[in-house]
Amino acid sequence: MAGHAPAKTEQLPDFSDYRGVWVHIHQRDGVAAPVGWQLLGRAREMAEVLGCATGAVVVGHQVRHLADQAIHYGADVVYVVDAPVLALYRTQPWALAVSQVVQQYKPEIMLFGSTNDGRDLAGAVATILQTGLTADSTELSVDPETRILHASRPDFGGKLMSTILCKQHRPQMVTCRPGVFPAPQPDPTRQGRIVEVPFELDESEIPTKVLDFLPEEKKVDLSTAKVIVAGGRGMGGPEGFAMLRDVAEALGAALGASRVAVNAGWISYEHQVGQTGQTVRPKLYIACGISGQIQHQVGMQDADIIVAINRDPNAPIFKLATYGIVGDIFEIGPAIARRARELRARFAQQQPAAEGAREPAAASPSGSSTA
Amino acid sequence: MHIVVTIKQVPDTSEVRIDPKTNTMVRGGVPSIVNPDDTHAIEEAVRLKERHGGRVTVLSMGPPQAIAALREAISYGADEAVLCSDRGFAAADTLATSYVLWAAIRKLDEEEPVDLVLAGKQAIDGDTGQVPPGVATRLGWPQLTYVRRILEFDPQARRIRVERLADGGIELLESRLPAVVTVGREINEPRYASLPNMLRAARYQPRIWDRKTLNLDETKIGLRGSPTIVSKVWAPPRRQRPPVIMLSHGDRDPDAVAADLLDRLIADGAFDWAPTPAPAAR
Ligand SMILES: Cc1cc2nc3c(=O)[nH]c(=O)nc-3n(C[C@H](O)[C@H](O)[C@H](O)COP(=O)(O)OP(=O)(O)OC[C@H]3O[C@@H](n4cnc5c(N)ncnc54)[C@H](O)[C@@H]3O)c2cc1C
Ligand SMILES: Nc1ncnc2c1ncn2[C@@H]1O[C@H](COP(=O)(O)O)[C@@H](O)[C@H]1O
C-alpha cells in the first residue's frame, strides 16, 4: 500500500545527477529470465522519451555473455557484477551488489521482474537505498517534464488501477509482472558499453548457503505460448479437462484455466490465468466454459484473437471475444479437435517437404499442454 | 526460544465492491480478517513452539481495531501480542511500515532475544511482499522468503534449513538465526482455535506501542516517511475490440461450427502448422 497524495504542490529535489532507465536482468546458471528482456523493451521506450540511456544490471558469476545479449535487447550500458560469491542467487550479496552499482552510477528508474526472486531482491535493495518501490506494475509511463515515473497496478481484485509515484527519492523502483510487456526482437548488430563493477565480499560474511536446487519438473510457461485453450467451471471436472487437453493437443496449444477450475483441483495452479495467476498475451485464446469475470480478463485481454465457447449467450466473455460460439463445450470441443487433426493431416500431405521437418500432426509444440 | 509473527489486518478483498460512479472502494460492511498468509505464519510458529518450547509474540501495526486480529492470533495459540498504533503511522507505505515493525522487533528482542520472525509472503490488500524484506534488511538478519517447508530449526546451534519456492524451482537453503521467514498457504493447515485459547483471547489486552514508546524518527513514519504515493485510482479503459462475430447461437451443427471457426482462425494466421491463407478460405 502506498500513502495518499497530499494536494499541495511540492518542491522536488534536484535529481539531475540521476539519469538512465535500468533493468535488473535476473539469471540462473547463466540463463536470463525472459522478463528481463521484456522490461528492457519498455525501458528503451521510456529512455527515448526522457532522452537518456538504457541500462542493464547483470549479477552472477561468469555471466559476461548476458551483457552482450542485454545490448542486443536494447541496453546502451550493461553493468556486470561478476564474482564467485554471486554465482547462485542469494538475497544479501545480490542486494549489496545491485545497491552498490545504483549508488555509484545513479539511475533515475530501476525495474525488476515481479517473480519470487525479483520481489525478494527488490524489497531488500529499496530498503538499503531507502527509496520507494512499487509492486507488480502492469503499466509504466514517464513524464518528460518532471521525469517522474507513473507506475500503475491492478488493485482491489483488478477492478481498478492505482497509479503510484515516487517523487522525492531516487531511483524510482518498480517490480513488473512477467508477460505484460512484449520482449523486443534482439538485434545482434546493436552496440553498447559494458562496465565491469568490482565487488568485494567474503563468503564468511554471507549468512545463507544454497545447499541444493531442484528445478521444477514441467514448467508450464503460458506467457510465451502462441495458442492457449483454457477451461473453467463449465468443464465440470477432471474428465472435462482431459477432453480439453486433447483439443489443445490437436491445435498445438498450451492449456490454461480459470481459478474456479484450479481451486476445484481439476488442474494445477501453474495453468491459472488471471489476476492471481499468469498474464498471457497469445495470438489466440480459446475460453471454454469460462464466464469471463474481470479477474480472469485482466490475465488474457491482450490476446490478439479471443474465441468464447459458452452455453450462456449472456456470459461477459462474449463482450471481449472476436468469435463467439453459444453451445456445449462437450459437443464443440471434440468437433474442433477432429477438424484440426483432419486439416493438419491434409496440410502435411500438401507440403511434405516443409512439414517433414516438423512434428507429426498430433504433437504439441513448445508451451506443452501436459499438466 | 522466542518467535515473533508479524500479522496484518486486511479487508476481505473477495468482498470488496467498487462504486462505479466514484471509483472508490465501498468499505462499509466489508469484514476485516487476518491476512490469509499470516494465519499460516502463526500456525508454523505455534508448531515450532510445541516442539522447542518458548514463546510466540504476534505483532501488528494498524489502527486500534487491529486488536481483533491479534486476539484471533491468541486464539490460535500465540502467547503475547503487541499492537503498534499511532495516528502518525497512518498512510504508511512498505518502507515506513517496515521501519515501525523493525523498531518493535528490536524492542521485543531486548526484552527477550528473538530467534525467528515469521511473516506472510504477501498481504492481500497491498499484494507487495515488500514489508518482510524491509524488516529483515533493517535488522541485518537473513531473509528467507516464499518458504514452503521448514526442514530444520535449531535455536541452540542458531541454524535453520528451509525449502524455498524460487524462480524455476525449489531451493534448499541453510541460514543462521535469527532470520526472517515468509510463508504462504503451502506450508501448513492452520488449526481451529481451542476453547481455552478462545476464552483467553476474548479477555486478552495487547500492549500498545506508539511512536514515543518506540522512540521513532518522525520523518520516517506514516505519510511523511513513505516515498511512494497513490496519485490516482482509475477504472482501466476497455480495449476497443470490434464487435463479436457469432458463429453459432447454439443452433448449428458442431462439426459445421468447428470447420467455420478453424477456417477463420487459419485465415487470421493463428496457427504455425497451417499455411496462410488457408486453402479452404480461398
Ligand atoms: C482477489 C481475486 C482474485 C481472483 N483471481 C482470479 C484469477 O487469477 N483467475 C481467474 O480465472 N479467476 C480469478 N478470480 C475469480 C473470478 O472472480 C471468477 O470467480 C472466476 O474467474 C470464474 O471462473 P469460471 O469462469 O470458470 O466460472 P463461472 O463464472 O462459474 O463460469 C462458468 C461458465 O461456464 C459456462 N458453462 C457451464 N457449462 C458449460 C458447458 N457444458 N459448455 C459451455 N459452457 C458451459 C457457464 O455458462 C458459465 O458462463 C479471482 C477472484 C478474486 C476475488
Ligand atoms: N501493518 C503490518 N503489521 C504487521 N505486519 C505486516 C504489516 N504489513 C505487512 N506485514 C507483514 O508483511 C507480510 C507481507 O505484507 P506485504 O509486504 O504488505 O505484502 C504480511 O503477511 C505481514 O506478515
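In the text below, chain A, chain B and the rest are named by the order of the sequence lines, each starting its count at 1.
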Residues B/Arg164, A/Asp117: salt bridge by 4.0 Å N-O rule: yes
Exceeds 12 heavy-atom contacts within 6.0 angstrom, atom NZ of A/Lys283: yes
Segment of A/Arg311 engaging chain B (4.5 angstrom heavy-atom cut-off): neither
Derivation of the side chain to side chain contact (heavy atoms under 4.5 Å, CB included) call for B/Leu173 and A/Val210: CA-CA 5 Å; B/Leu173 299 177; A/Val210 182; 3.7 Å; yes
Audit row: A/Leu343, B/Ile266, side chain to side chain contact (heavy atoms under 4.5 Å, CB included) steps and yes/no: CA-CA 10 Å; A/Leu343 289 172; B/Ile266 288 167; 3.7 Å; yes
Side chain proximity check, A/Thr163 to B/Val233, heavy atoms < 4.5 angstrom: no
Interface moiety of A/Leu165 toward chain B, non-hydrogen atoms closer than 4.5 Å: both
Options A/Gln92, A/Gln130, A/His26, ranked by heavy-atom pairs under 4.5 Å with chain B, top entry: A/Gln130
Heavy-atom check, side chain of A/Val307 versus side chain of B/Leu261, under 4.5 Å: yes
Which atom of B/Ala166 lies closest to which atom of A/Phe213, heavy atoms considered: CB-CE1, 4.2 Å
Taking every non-hydrogen atom, the tightest pair across B/Pro254 and A/Ala335: O-CB, 3.7 Å
Salt-bridge criterion met for B/Asp167 and A/Arg28 (N-O under 4.0 Å): no
Salt-bridge contact B/Glu171-A/Arg90 (side-chain N to carboxylate O under 4.0 Å): no
B/Ile170 CD1 to A/Leu214 CG distance, which is reported to the nearest 0.5 Å: 7.0 Å
Spatial distance of atom OG (A/Ser162) from atom CH2 (B/Trp234) [nearest 0.5 Å]: 9.5 Å
Residue B/Leu95 versus chain A: region with a heavy atom under 4.5 Å: side chain
Side chain / backbone / both / neither for A/Ala126 at chain B, heavy atoms under 4.5 Å: backbone
Check: B/Glu174 and A/Thr208 side chains under 4.5 Å, non-hydrogen atoms: no
Flag if over 12 foreign heavy atoms under 6.0 Å of CG, A/Asn263: yes
Pairs of heavy atoms under 4.5 Å with chain B: top-ranked of A/Ile206, A/Leu284, A/Thr322, A/Ile128: A/Thr322
Worked check of side chain to side chain contact (heavy atoms under 4.5 Å, CB included) between B/Val257 and A/Tyr323: CA-CA 11 Å; B/Val257 176; A/Tyr323 302 113; over 6 Å; no
Interface residue of largest heavy-atom contact number with chain B, from A/Gln172, A/Gln168, A/Glu342, A/Glu139, under 4.5 Å: A/Glu139
Contacting moiety of A/Thr276, where chain B heavy atoms sit under 4.5 Å: neither
Residues from residues 139-146 of chain B approaching chain A under 4.5 Å (heavy atoms): B/Pro142, B/Gln143, B/Leu144, B/Thr145, B/Tyr146
Spatial distance of atom CG (A/Asp212) from atom CG (B/Leu172) [nearest 0.5 Å]: 6.0 Å
Worked check of side chain to side chain contact (heavy atoms under 4.5 Å, CB included) between A/Val227 and B/Phe271: CA-CA 8 Å; A/Val227 182; B/Phe271 301 114; 4.1 Å; yes
Between B/Gly169, B/Pro242, B/Ser98, the one whose heavy-atom pairs under 4.5 Å with chain A are most numerous: B/Gly169
Charged N-O contact under 4.0 Å between A/Arg339 and B/Asp255: no
Closest non-hydrogen atom pair, B/Thr228 against A/Gly132: CG2-CA, 3.6 Å
Residue, of A/Ala308, A/Ser114, A/Gly324, A/Ala124, that accumulates the most heavy atom pairs under 4.5 Å with chain B: A/Gly324
Most contacts with chain B, counted as non-hydrogen pairs under 4.5 angstrom, among A/Gly123, A/Cys166, A/Pro207, A/Gly327: A/Pro207
Smallest separation among heavy atoms of B/Arg241 and A/Ile306, with atom names: NH2-CD1, 3.4 Å
Atom pair CZ (A/Arg344) and CH2 (B/Trp273), whose distance is rounded to the nearest 0.5 Å: 6.0 Å
Under 4.5 Å from a heavy atom of chain B, the part of A/Lys209 involved: both
Side chains of B/Thr137 and A/Thr127, donor plus acceptor under 3.5 Å: no
Modelled atom types, side-chain donor and acceptor of B/Gln122 and A/Arg119, under 3.5 Å: yes
CD-CG distance between A/Glu331 and B/Asp253, expressed to the nearest 0.5 angstrom: 9.0 Å
With B/Ser248, the side-chain contact (heavy atoms from CB on, under 4.5 Å) member among A/Ile332, A/Ile309, A/Ile325: A/Ile325
Atom CZ of B/Arg252 with >12 non-hydrogen neighbours under 6.0 angstrom: yes
Gap separating the CG atom of B/Leu265 from the CD1 atom of A/Ile286, nearest 0.5 angstrom: 6.0 Å
Most contacts with chain B, counted as non-hydrogen pairs under 4.5 angstrom, among A/Gly333, A/Pro334, A/Ala321, A/Ala33: A/Ala321
Over all atoms of both residues, closest heavy-atom pair of A/Thr134 and B/Gln130: C-OE1, 3.9 Å
